[in-house]
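The block underneath contains the structure these notes are about, expressed in structure tokens.
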Amino acid sequence: LYVAYDKKEILKGINFKLKEKEKVLLLGPNGAGKSTFLKAIAGILKLQNGKLFYDGKEITKIPVFERVKMGIVYLKQEREIFPNLSVKENLEIAGYELSKKEFQENLEKFLKFFPNIKKQFYKRAGLLSGGDRRSLGILMMLLKSPRLLLLDEPTAGLAPKTAKKILEKLEEVQSYMEITTLMVEHNIHLAAKKVEKVIILKEGKIVFEEVLKNKKLDMEKIFRFYF
């Protein structure tokens, strides 16, 4: 995969295979191309060169909304909520393509993972705490029944205790739905306990890839490739 911004090459030839149900942590210094990589998979950014395959089918030229229907769902770094609308209205917008029955079934299925959101169903979303806003964003994403989850720093800006709770909730949902996950996360030690493999991106290329043993990082090795 090759991706460029204003003629500046960001991804410089990435070959990568993600197995079904696999949970992978994507690391790398600022500017390494991590978010660009996720956006390219989601279809938000066009490839300069290369091809993308999903579930045996080439999706290189398939638009974002079609990829979402296929189960490829991207949670960006910024909060994906409408602060002036209620929690209920945010969820209704996220599930607008679903039938009433499917929406209700999905809502009931996933609300049990986020009891705080259920208690604040009619509250204005902008008045929620940082952790609850992020939980709402995740819940909105889950309504789309993802098969491949692309998470761009899901705990960005959150306090350590809240970040830990968010990652635990994500792990619960991932296990429940058996979702394939590719996650960018700055809380390295915390996130490593929730994945099976780590890859490091540096200057637009994959420089390290390793399956974790007992979900433990060899930090000496990580930092050698990271910096």
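Side-chain atoms are counted along with the backbone in the values below, which use heavy atoms only and exclude waters and symmetry mates.
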Measure the spacing between [atom1] of [X] and [atom2] of [Y] and express it to the nearest 0.5 Å.
| X | Y | atom1 | atom2 | result |
| --- | --- | --- | --- | --- |
| K193 | L167 | NZ | CG | 10.5 Å |
| L170 | E172 | CG | CD | 9.5 Å |
| E153 | S35 | CD | OG | 6.5 Å |
| Q174 | T181 | CD | OG1 | 3.5 Å |
| L1 | I41 | CG | CD1 | 7.5 Å |
| S129 | R134 | OG | CZ | 12.0 Å |

Kindly say whether [Y] contributes a backbone atom to a donor-acceptor pair with the side chain of [X] at under 3.5 angstrom?
| X | Y | result |
| --- | --- | --- |
| E89 | S86 | yes |
| K144 | A94 | yes |
| E185 | N187 | yes |
| K34 | L201 | no |
| R133 | I81 | no |
| Y176 | F113 | no |

After noting the C-alpha distance and the side-chain angles of F121 and L91, does the key distance pass the side chain to side chain contact (heavy atoms under 4.5 Å, CB included) rule? CA-CA 9 Å; F121 212 55; L91 292 169; 3.5 Å; yes
Which residues pass the side-chain contact (heavy atoms from CB on, under 4.5 Å) test with F82, sequence neighbours left out?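 Once residues adjacent in sequence are excluded, the partners of F82 under the side-chain contact (heavy atoms from CB on, under 4.5 Å) criterion are L85, N90, I93, M140.
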If you compare all heavy atoms of [X] against all heavy atoms of [Y], which two are closest, and at what distance to 0.1 Å?
| X | Y | answer |
| --- | --- | --- |
| H186 | T155 | CE1-OG1, 3.7 Å |
| Y74 | L38 | CE1-CB, 3.7 Å |
| L25 | A191 | CD1-CB, 3.8 Å |
| V24 | F16 | CG1-CZ, 4.4 Å |
| L75 | G137 | CD1-O, 4.0 Å |
| G43 | V64 | O-CG2, 3.3 Å |

Is there a continuous path of hydrophobic side-chain contacts, each under 4.5 Å between heavy atoms, that joins [X] to [Y]?
| X | Y | value |
| --- | --- | --- |
| L143 | Y122 | yes |
| F114 | V73 | yes |
| V87 | L127 | no |
| Y2 | L26 | no |
| Y96 | M141 | no |

Can you establish whether the number of heavy atoms outside [X] located under 6.0 Å from its atom [atom1] is more than 12?
| X | atom1 | answer |
| --- | --- | --- |
| K205 | NZ | no |
| E178 | CD | no |
| K169 | NZ | yes |
| K161 | NZ | no |
| E203 | CD | no |

Sequence neighbours excluded, which residues qualify as side-chain hydrogen bond (donor to acceptor under 3.5 Å, both in side chains) partners of K12?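 Partners of K12 under the side-chain hydrogen bond (donor to acceptor under 3.5 Å, both in side chains) test: none.
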When you check the gap from the basic side-chain N to the acidic O, do D132 and K123 get nearer than 4.0 Å?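 The answer is no: the pair does not qualify as a salt bridge.
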Are any of the side-chain nitrogens in E92 or K88 under 4.0 Å away from the carboxylate oxygens of its partner? yes
Would you say the side chain of [Y] lies within less than 4.5 Å of the side chain of [X], judging by non-hydrogen atoms?
| X | Y | result |
| --- | --- | --- |
| R67 | Y54 | no |
| I72 | L150 | yes |
| F37 | V184 | no |
| V3 | Q48 | no |
| L111 | I117 | yes |
| N116 | S135 | no |
| I62 | M70 | yes |

For a side chain to side chain contact (heavy atoms under 4.5 Å, CB included) check, start with the C-alpha distance between K19 and T180, then their side-chain angles and the critical distance, and finish with the verdict. CA-CA 7 Å; K19 297 176 183 176; T180 307; over 6 Å; no
Decide yes or no on side chain to side chain contact (heavy atoms under 4.5 Å, CB included) for K23 and K194, but give the supporting numbers first. CA-CA 8 Å; K23 299 173 186 176; K194 315 297 180 187; over 6 Å; no
Steps toward salt bridge (charged side-chain N to carboxylate O under 4.0 Å, His left out) verdict (E108, K112): CA-CA 7 Å; E108 288 175 10; K112 64 185 178 184; over 6 Å; no
Between L18 and L148, is a side chain to side chain contact (heavy atoms under 4.5 Å, CB included) present by the stated rule, with each step listed? CA-CA 10 Å; L18 193 59; L148 170 58; 3.5 Å; yes
